[in-house]
Amino acid sequence: MSPHRPHSSAASAPAAPADAQAPFLELLARGASADAYEQPVLLARAEGRGPAWIAALEDAKRLALGVREEMEGRRRREAELSALFETAHDLAGLRDLDAVLQAIVQRARSLLGTDVAYLTLNDPVRGDTYMRVTEGSVAARFQQLRLGMGEGLGGLVAQTARPYVTDDYGKDLRFQHTRTIDAGVGDEGLVAILGVPLMLGPHVIGVLYAADRRARVFAREEIALLGSFAALAAAAIDTANLLTETREALGELERANEIIRDRSGVIERASDVHDRLAELVLRGGGVHDVAAAVSQVLDGTVEFTDAEAAPAEALEASRADGHAVRRGEDWIAAVAAGGELLGALVLRGHPGLDPVDQRTLERAAMVTSLLLLARRSASEAEQRVRGELLDDLLDARDRDPRVLRERAARLHADLEARHVVLAARLEQGGADAEQQAAARRRLWSAANHLAATRQGLAAARDGGTVLLLPLDSGATASDLAAHVAGRLGAAIHETVTVGASAPVGSLTTRADTAAVAYAEAQRCLDALRLLGRAGEGAAAEDFGFLGLLLADSRDVGGFVSRTIGELVGYDERRGTDLVRTLDAYFASGMSPARTKDALHVHVNTVAQRLERIGRLLGPDWQSPARSLEIQLALRLHRLAIPERR
C-alpha cells in the first residue's frame with residue numbers, strides 16, 4: 001500500500017475519519033488481541049469500500065495499536081512495580097529465607113512469562129555456584145547443578161558480575177560449555193537463558209535466571225526487571241544472614257552466662273583434678289593410676305591403651321590438634337611427646353563431655369606422657385645395656401661365653417635359643433641431616449621397645465638399627481622380617497626396610513656367629529632397596545636363586561627343595577621320570593617334539609608328563625622368572641645327584 005492516501009470524492013469524505021475509529025475504540029475498550037485489529041480493515045475490503053475509507057481505517061488501526069501498546073506497557077509496569085512492592089513487603093517481615101527466595105523466582109517467572117526461573121548461590125569454600133531455588137523445573141539433574149566460576153552462562157555471570165543473555169544457549173559459543181552443565185540444561189530442555197548477578201556491595205553472591213524452552217530474545221526492560229528482583233533477593237539473603245548471626249550471638253551470650261553461673265563449681269572441680277594428679281606424680285604412680293583417678297573425677301571409665309590399640313584416625317586427629325577427639329560414644333586423648341605417639345587415654349560411654357571435662361582428660365593425657373617419659377628414661381639405661389651386649393656379639397670380641405649368657409639372662413634373653421639378626425634402615429628422601437638424625441633416634445627407640453617386649457636385643461649401627469630377636473616355633477625368618485618392618489614403620493610413621501639373616505643358634509659357641517648373620521641381613525636389606533621394595537622385610541629365602549648369593553650358608557639343598565622338591569619327591573614315590581623329562585624339555589628349547597627324540601618316547605608321553613609337571617609346580621612354571629629358577633635348580637640337582645643311566 002502507498003504511504004500517500006489518494007483523494008476521495010466529496011460525497012464519501014466527511015464521515016470517514018470518525019466512523020473509521022469507532023471499531024478500533026470498541027476493540028480497545030474490550031482489550032482485544034493485536035490480531036483482532038486487522039478485522040475492520042479486512043471487512044471493509046470485503047465490502048468493496050473505497051481507498052479513502054481503507055486508508056482511514058489503516059490510520060485508525062495504527063493509532064489504536066499504538067494506544068494498545070502504551071496501555072499494555074503501563075499495565076506491565078504496574079504489575080512489575082506491584083510485584084516488586086509485594087516482594088519488598090515480604091522482606092520487611094522476613095522469617096523464612098527459603099520462602100522469600102521461592103516467591104522471588106515465582107514472580108520473576110510470572111512477570112517475564114518464562115517457562116523456568118531459578119537462583120544459584122556462590123560457595124566460597126568450593127569456589128563454584130550451586131542451584132538454590134527453582135520454579136518450573138522438572139529435571140532432577142538440572143536442580144542439582146553446580147557451575148564452576150566461568151563455566152556456562154551462570155558461571156560467567158558469577159565470575160564477571162555482569163548480566164548475560166542468550167537466545168539459544170546450546171549454539172552460543174561465547175560460553176564455556178561443560179558436559180555436566182550441558183547435560184543438565186539438556187534434561188530441562190532450556191534454550192533461551194537470561195542471568196543477572198546477585199550483588200552485596202561489590203561482591204557477587206549468586207545469580208538469578210529466567211529461561212525458556214524455545215528461542216527468545218529478552219528485551220532490555222526484561223533484563224532490568226530481573227535485575228531488580230536480583231537486588232531484592234540479595235537483600236533477603238543479607239537480612240537473613242544478619243538475623244542468623246544475631247541469633248547465634250544471642251545464643252553465645254546465653255551460653256556464656258550459663259558458663260559464668262557454673263564457674264565456681266568448675267574451678268573447684270579443676271582444683272580437685274590438679275591436686276589428685278600432682279599427688280600421683282609425687283608418690284610415683286603409674287599411667288593406670290592416672291586413668292583410675294580421672295575416671296572418678298569424670299564419673300566414667302578411663303583406660304590407657306597402646307597407640308596400636310586405639311582408633312588410628314581419632315588418635316592421629318587428637319595428636320595433631322592437641323585436644324581430645326570424640327569417636328562415637330567415646331573420647332580419645334593422644335598421649336604424645338616430641339611428635340611420637342606413646343598411647344592414648346580413652347574415656348568410654350561419656351559422649352556428653354563438657355569443655356571443662358574435656359580439658360581434664362587432656363591434662364591427664366599430658367601427665368601420662370610425662371610419666372611415660374620418666375619411665376622411658378629409667379629404661380634407657382637397660383636399653384644401653386642391651387645395645388652393649390649386642391655390640392659385643394656383633395664385634396666378635398673374645399668374650400667368655402658364660403659371662404655373655406649371664407649378661408643376657410639379666411635382660412631376660414636366652415642366647416642359646418634360635419635367633420634371627422635383622423638390619424633395619426629408614427628410607428628418607430629429601431630430609432635434611434637434622435631430620436634424618438631425629439628419625440634414626442626414633443627408629444632406635446622403637447626397635448629397643450620391640451626388642452624388650454620380645455626378650456631380644458637392639459643397637460644403633462651403620463646408620464640404621466640392628467635387632468637380635470628369638471624366632472617363635474613354626475615361624476620363619478621371612479615372617480619375622482615382614483612383621484618387624486611393619487611394626488617399626490607404624491611406630492615412627494616412616495618407611496622402614498628390614499633384611500633378615502637365616503636363623504642362628506648358640507650365639508656364644510662361635511665368636512663370629514652374630515657378625516656373619518648380620519652381614520647376611522645387610523645383604524638382604526641392600527637387595528630389597530635395589531629391587532625397589534623399600535618398606536618391606538625379607539630374608540634370603542624370599543629372593544629365589546638370588547638368595548643363594550645373599551645367604552651366608554649357601555643353602556643349595558633348600559633352594560632345590562623349594563623349587564623342584566615336588567617333582568623329586570613325586571619321582572621317588574612313584575618311580576616316574578619327571579625330573580629328567582623336565583631337564584630334557586629345557587635342553588631341547590622347550591620343544592615337545594625334540595624332547596621326545598631325546599628321551600626316545602612318544603610325543604604324547606611327553607605331553608602327559610609336562611601336564612603332570614604343571615600340576616606339581618603351578619601354572620606359571622614356564623614364565624621367564626620361574627623357568628630360570630627351575631633350570632638352575634635342575635642343574636644343581638644334577639650336580640648333587642649323578643644322572644641316572
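This chain uses plain numbering: 1 for the first residue, then up along the sequence.
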> Quick one: does Leu469's side chain get under 4.5 Å of Val420's, heavy atoms only?
Replying inline: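 No, every pair of side-chain atoms sits at 4.5 Å or beyond.
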>> Is any side-chain heavy atom of Glu416 closer than 4.5 Å to one of Leu507?
In response: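 Result no, sub-4.5 Å side-chain heavy-atom pair not found.
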> Is the shortest side-chain N to carboxylate O distance from Glu188 to Arg141 below 4.0 Å?
Replying inline: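 Salt bridge absent between Glu188 and Arg141.
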> Looking at Glu494 and Arg442, does any basic side-chain N land under 4.0 Å from a carboxylate oxygen?
Replying inline: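 Salt bridge flag = yes for Arg442 with Glu494.
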Report yes or no: does [X] contribute a side-chain atom to a donor-acceptor pair with the main-chain N or O of [Y] at less than 3.5 Å?
X	Y	value
Ser588	Ser591	no
Ser318	Ala334	yes
Asp571	Val579	yes
Thr497	Gly535	yes
Arg573	Gly575	no
His419	Ala417	yes

Those residues that, when tested against [X], pass side chain to side chain contact (heavy atoms under 4.5 Å, CB included) (two or more places apart):
X	answer
Thr605	Val601, His602, Arg609
Thr453	His449, Leu450
Thr134	Tyr118, Met131, Ser137, Gln143
Asp472	Arg454, Ala475

Determine whether more than 12 heavy atoms belonging to other residues, nucleotides or ligands lie under 6.0 Å from atom [atom1] of [X].
X	atom1	answer
Arg326	CZ	yes
Arg574	CZ	no
Glu303	CD	yes

> Listed by chain and number, what are the side-chain hydrogen bond (donor to acceptor under 3.5 Å, both in side chains) partners of Asp597, not counting sequence neighbours?
Replying inline: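 side-chain hydrogen bond (donor to acceptor under 3.5 Å, both in side chains) list for Asp597, sorted by chain: empty.
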>> Quick check: closest heavy atoms across Ala485 and Val496, and the distance to 0.1 Å?
In response: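 Minimum heavy-atom separation between Ala485 and Val496: CB-O, 3.8 Å.
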> Which atoms form the tightest heavy-atom contact between Leu361 and Trp331, and what is the distance?
Replying inline: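 Minimum heavy-atom separation between Leu361 and Trp331: CD2-CB, 3.9 Å.
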> What residue among Gln522, Arg461, Arg425 forms side-chain contact (heavy atoms from CB on, under 4.5 Å) with Val466?
Replying inline: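 Option passing the side-chain contact (heavy atoms from CB on, under 4.5 Å) with Val466: Arg461.
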>> Filter on ring pair (Phe, Tyr, Trp, His ring centres under 6.0 Å), then keep only pairs touching residues 575-601, sequence neighbours left out; what's left?
In response: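 Every pair satisfying ring pair (Phe, Tyr, Trp, His ring centres under 6.0 Å) with a residue in residues 575-601: Tyr585-Trp621.
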>> Set out, in order, the CA-CA distance, both residues' side-chain angles and the distance that settles side chain to side chain contact (heavy atoms under 4.5 Å, CB included) for Leu347 and Asp330, then state yes or no.
In response: CA-CA 6 Å; Leu347 173 61; Asp330 302 335; over 6 Å; no
> With no hydrogens and no angle check, do the side chains of Thr476 and Asp479 hold a donor and an acceptor under 3.5 Å apart?
Replying inline: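 Present: a donor and an acceptor within the cut-off.
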